[in-house]
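Inspection log for the structure reproduced underneath, given as structure tokens.
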Amino acid sequence: QVQLVESGGGLVQAGDSLRLSCAASGGTFNTYSVAWFYQAPGKERDFVAGISRFGSITYYADSVKGRFTISRDSAKNMVNLQMNSLKPEDTAVYYCAADRRMTRDRNEYNYWGQGTQVTVSS
């Protein structure tokens, strides 16, 4: 079983950048695919970006393609989400999730972090 802890959220202005991190413990992290999701108030939790077990495959939601980059550092058991050119509509709680499968479907993920708030002001 793996435990996930997100960090790096904060309050920024439109156009700024943030780097979120997801630190894993308690399991063999390299056997899990990881994804980031976000959830704005009153909305569903939506897929943002995902990365395969060894980092060779990455995939993104259309809304963040070209602005966000997901990466993983296997030595540190960490997955990062670099977010550039942030927009007010990116404001949400961001969660990382892990599972054996690589999927955009939030219902397929068994392991979740507690989330980190990202707020982008206009």
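Considering only residues two or more places apart in sequence or on other chains, Glu89 meets the side-chain contact (heavy atoms from CB on, under 4.5 Å) condition with Lys87. Remark: Arg53 pairs with Ser33 by the side-chain contact (heavy atoms from CB on, under 4.5 Å) rule, at least two apart or across chains. For Glu108, the side-chain hydrogen bond (donor to acceptor under 3.5 Å, both in side chains) test picks out Arg101, with sequence neighbours left out. Residues passing the salt bridge (Lys or Arg N to Asp or Glu O under 4.0 Å) test with Asp62, sequence neighbours excluded: Lys65.
When side chains are defined from C-beta on, Tyr95 does not count as touching Arg106, because their heavy atoms never get closer than 4.5 Å.
Of all heavy-atom pairs spanning Arg67 and Ser85, the tightest one is NH1-O, 3.0 Å. Summarising the geometry of Ala40 relative to Ala92, their closest heavy-atom pair is N-CB, 3.8 Å, with the distance given to 0.1 Å. Of all heavy-atom pairs between Ser122 and Ala14, the closest is CA-CB, 4.4 Å. When all heavy atoms are compared, the tightest approach of Gln114 to Val5 is OE1-CA, 3.7 Å.
Using a distance-only test at 3.5 Å, with no hydrogens or angles considered, no donor-acceptor pair links the side chain of Arg104 to the main chain of Ala35. Remark: the backbone N or O of Asn110 is paired with a side-chain donor or acceptor of Asp99 at under 3.5 angstrom. Tyr109 contributes no side-chain N or O that, together with a main-chain N or O of Cys96, makes up a donor-acceptor pair within less than 3.5 Å. Distance alone, capped at 3.5 Å, is enough to place a donor-acceptor pair between the Glu6 side chain and the Gly115 backbone.
To the nearest 0.5 Å, the span separating CG on Leu11 from OG1 on Thr119 amounts to 6.0 Å. A distance of 10.5 Å separates CZ in Arg45 from CG in Asn107, rounded to the nearest 0.5 Å. Separation of atoms CG (Asn80) and OG1 (Thr69) is listed at 11.0 Å; rounding is to 0.5 Å. From Arg72, atom CZ reaches atom OG of Ser52 across 7.0 Å, with rounding to the nearest 0.5 Å.
Counting only residues at least two apart or in different chains, disulfide bond (SG atoms under 2.5 Å apart) contacts with residues 37-88 are absent.
The hydrophobic cluster containing Met83 also includes Val2, Leu4, Val12, Leu18, Leu20, Phe29, Tyr32, Val34, Trp36, Tyr38, Val48, Ile51, Tyr60, Val64, Phe68, Ile70, Val79, Leu81, Leu86, Tyr94, Tyr111, Val118, Val120, under a criterion of side-chain heavy atoms closer than 4.5 Å among ILVMFWY residues, counted directly or through chains of members.
A tilted orientation is assigned to the rings of Trp112 and Phe37, their planes being inclined by 30° to 60°.
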